[in-house]
Amino acid sequence: MQYKAVIFDLDGTLLNTLDDIADSMNFALSSKSLPVHDTDKYKYFVGNGVAELARRAVPSDVSPELTGEVLSAYTDRYAAHSADRTRPYPGVTELLRELGARGLRLAVLSNKPHTSTLAVVAQYFNNIEFAAVLGARDGVPVKPDPAGALELAELLGAAPADILYLGDTSVDMQTAAGAGMTPVGALWGFRTREELEEGGAALIAVSPGDFLKLL
């Protein structure tokens, strides 16, 4: 099948953001005298937006008010430190350039707040032409709800069936399936092959170069 566009998840797919997310949340937790976590644990805390990240990071008996304070502290810290150690995964920039050269339209859909999504995409991929970049916005349900993906399909001018969706979590696979797109699991990201397959991945890409081979 000849696809016309590709939608990418951001954290764990295009960018390895884990260290900066973990550092900022651990800073926020410490500021409220709460226990911190090893970086690897954040692979399973992320994926459903920053509010859920905060809920997963705090102890289960913490009040909603204190959780909100942690979220606010995290948001402020991450805004100032989102690029300390974040980097594109090896081969990702080359993948994006090649897809563009082949005439596919490209877009990003993230559960990261919209302003943060725009900022990091502009910083790390300023030479890549994305047709649209969307993060989490008020009034729009976050992934796995397919609303954002379907909005992107309209902006891309492509039918959902003509779009590949590349992401690294079951949230992404469910989003793609719900939108009628082809879900492709990025095995270099935060989660396992088993999760991606159970989440509905139609294809698995072991590396960015492998994704090109799938085309």
Side-chain angles (χ1 to χ4, degrees), residues 1-21 43 46-47 82-137 143 146 148-169 171-173 175-177 179-191 193 196 201-215:
M1 178 176 177
Q2 186 66 42
Y3 291 97
K4 297 180 180 178
V6 185
I7 295 175
F8 297 90
D9 171 53
L10 185 60
D11 296 4
T13 301
L14 296 181
L15 292 173
N16 187 348
T17 55
L18 195 66
D19 286 330
D20 287 333
I21 289 172
K43 290 180 178 180
V46 300
S82 63
D84 288 1
R85 292 196 280 172
T86 290
R87 297 291 183 272
Y89 284 100
V92 159
T93 302
E94 294 80 3
L95 167 64
L96 295 171
R97 288 174 179 159
E98 178 61 24
L99 291 173
R102 295 187 186 190
L104 280 83
R105 304 200 76 197
L106 311 178
V108 173
L109 180 62
S110 177
N111 276 348
K112 186 190 291 290
H114 186 60
T115 53
S116 296
T117 300
L118 293 175
V120 296
V121 169
Q123 176 165 355
Y124 291 103
F125 303 113
N126 62 334
N127 293 322
I128 302 298
E129 184 177 348
F130 287 106
V133 176
L134 298 179
R137 297 157 292 153
K143 300 182 289 184
L150 292 171
E151 181 180 351
L152 280 177
E154 292 189 15
L155 294 172
L156 290 165
D162 295 330
I163 300 174
L164 287 168
Y165 187 113
L166 182 67
D168 71 303
T169 72
V171 169
D172 295 306
M173 301 303 97
T175 302
M181 301 171 183
T182 299
V184 183
L187 201 56
W188 59 87
F190 296 160
R191 305 287 177 83
R193 177 186 290 271
L196 293 168
L203 300 165
I204 298 289
V206 177
S207 67
D210 189 40
F211 181 75
L212 281 177
K213 295 175 184 176
L214 297 178
L215 295 175

A.B. asks: What's the separation between atom CG in L96 and atom CD in E129, rounded to the nearest 0.5 Å?
C.D. replies: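 One gets 12.0 Å once the value is rounded to the nearest 0.5 Å.
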A.B. asks: Can a donor-acceptor pair be found between the side chains of T86 and D20 at a distance below 3.5 Å?
C.D. replies: yes
A.B. asks: Taking atom types as modelled and ignoring hydrogens, do the side chains of T182 and Y3 form a donor-acceptor contact shorter than 3.5 angstrom?
C.D. replies: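 There is such a pair between these side chains.
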A.B. asks: Where do K143 and Y165 come nearest, in terms of heavy atoms and distance?
C.D. replies: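 Looks like CD-OH, 3.1 Å.
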A.B. asks: Side chains of V206 and W188, heavy atoms from C-beta outward: is any pair under 4.5 Å?
C.D. replies: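 Side chain of V206 against side chain of W188, heavy atoms only: no contact under 4.5 Å found.
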A.B. asks: Can you name the closest pair of heavy atoms from R105 and G157 and give their distance?
C.D. replies: NH1-N, 4.4 Å
A.B. asks: Just verifying a value: how many Å separate N16 CG and I21 CD1, rounded to the nearest 0.5 Å?
C.D. replies: 9.0 Å
A.B. asks: Do L215 and L164 touch side chain to side chain, with heavy atoms closer than 4.5 Å?
C.D. replies: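 A side-chain contact under 4.5 Å exists here.
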A.B. asks: Given the rule in the side-chain contact (heavy atoms from CB on, under 4.5 Å) test, do V133 and H114 qualify, once you have shown the distances and angles that lead to the verdict?
C.D. replies: CA-CA 8 Å; V133 176; H114 186 60; 5.7 Å; no
A.B. asks: Set out, in order, the CA-CA distance, both residues' side-chain angles and the distance that settles side-chain contact (heavy atoms from CB on, under 4.5 Å) for I163 and L156, then state yes or no.
C.D. replies: CA-CA 9 Å; I163 300 174; L156 290 165; 4.2 Å; yes
A.B. asks: Could you go step by step and tell me if L134 and L152 meet the side-chain contact (heavy atoms from CB on, under 4.5 Å) rule?
C.D. replies: CA-CA 8 Å; L134 298 179; L152 280 177; 3.6 Å; yes
A.B. asks: Counting C-beta onward and ignoring hydrogens, is there a side-chain heavy-atom pair between T169 and D9 closer than 4.5 Å?
C.D. replies: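 Result no, sub-4.5 Å side-chain heavy-atom pair not found.
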A.B. asks: Taking the side chain as every heavy atom from C-beta outward, state whether L212 and L95 have any atom pair closer than 4.5 Å.
C.D. replies: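 Yes, their side chains come closer than 4.5 Å.
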A.B. asks: Evaluate the side-chain proximity of S82 to T17: yes if any heavy-atom separation is below 4.5 Å, no if none is.
C.D. replies: no
A.B. asks: Partners of T117 by side-chain hydrogen bond (donor to acceptor under 3.5 Å, both in side chains), sequence neighbours excluded?
C.D. replies: none
A.B. asks: For the residue pair K112 and L10, establish whether any side-chain heavy-atom pair is separated by less than 4.5 Å.
C.D. replies: yes
A.B. asks: Taking all non-hydrogen atoms of both residues, which atom of M181 and which atom of A153 are closest, and how far apart?
C.D. replies: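 It is CE-CB, 4.0 Å.
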A.B. asks: To the closest 0.5 Å, what do you measure between CG (D19) and CZ (R87)?
C.D. replies: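 It is 10.0 Å, given to the nearest 0.5 Å.
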A.B. asks: Test side-chain contact (heavy atoms from CB on, under 4.5 Å) on R97 and I128 and set out the steps.
C.D. replies: CA-CA 7 Å; R97 288 174 179 159; I128 302 298; 3.6 Å; yes
A.B. asks: Could you check whether any side-chain N or O of D168 sits under 3.5 Å from a backbone N or O of F190, counting only pairs where one atom can act as donor and the other as acceptor?
C.D. replies: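 Yes, the answer is positive, given that a donor and an acceptor are paired below the 3.5 Å cut-off.
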A.B. asks: Indicate the atoms forming the closest heavy-atom contact of I204 with A201, along with that distance.
C.D. replies: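 For I204 versus A201, the nearest heavy atoms are CD1-CB, 3.8 Å.
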A.B. asks: Only one of Y124, F125, F8 forms a side-chain contact (heavy atoms from CB on, under 4.5 Å) with V92, so which one is it?
C.D. replies: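 Answer to the side-chain contact (heavy atoms from CB on, under 4.5 Å) test with V92 among Y124, F125, F8: F125.
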A.B. asks: Please report the shortest heavy-atom distance between R191 and V46, naming the atom on each side.
C.D. replies: NH2-O, 2.8 Å
A.B. asks: Quick one about D172 and T175 (side-chain donor to acceptor, distance below 3.5 Å, no hydrogens or angles considered), yes or no?
C.D. replies: no
A.B. asks: Between R137 and E151, is there a side-chain N and carboxylate O pair less than 4.0 Å apart?
C.D. replies: yes
A.B. asks: If every non-hydrogen atom of T13 is compared with every non-hydrogen atom of G167, which pair is closest and at what distance?
C.D. replies: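 Nearest pair, atom of T13 first, then G167: OG1-CA, 3.5 Å.
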A.B. asks: Taking atom CD1 of I7 and atom OG of S110, what is their separation to the nearest 0.5 Å?
C.D. replies: 12.5 Å
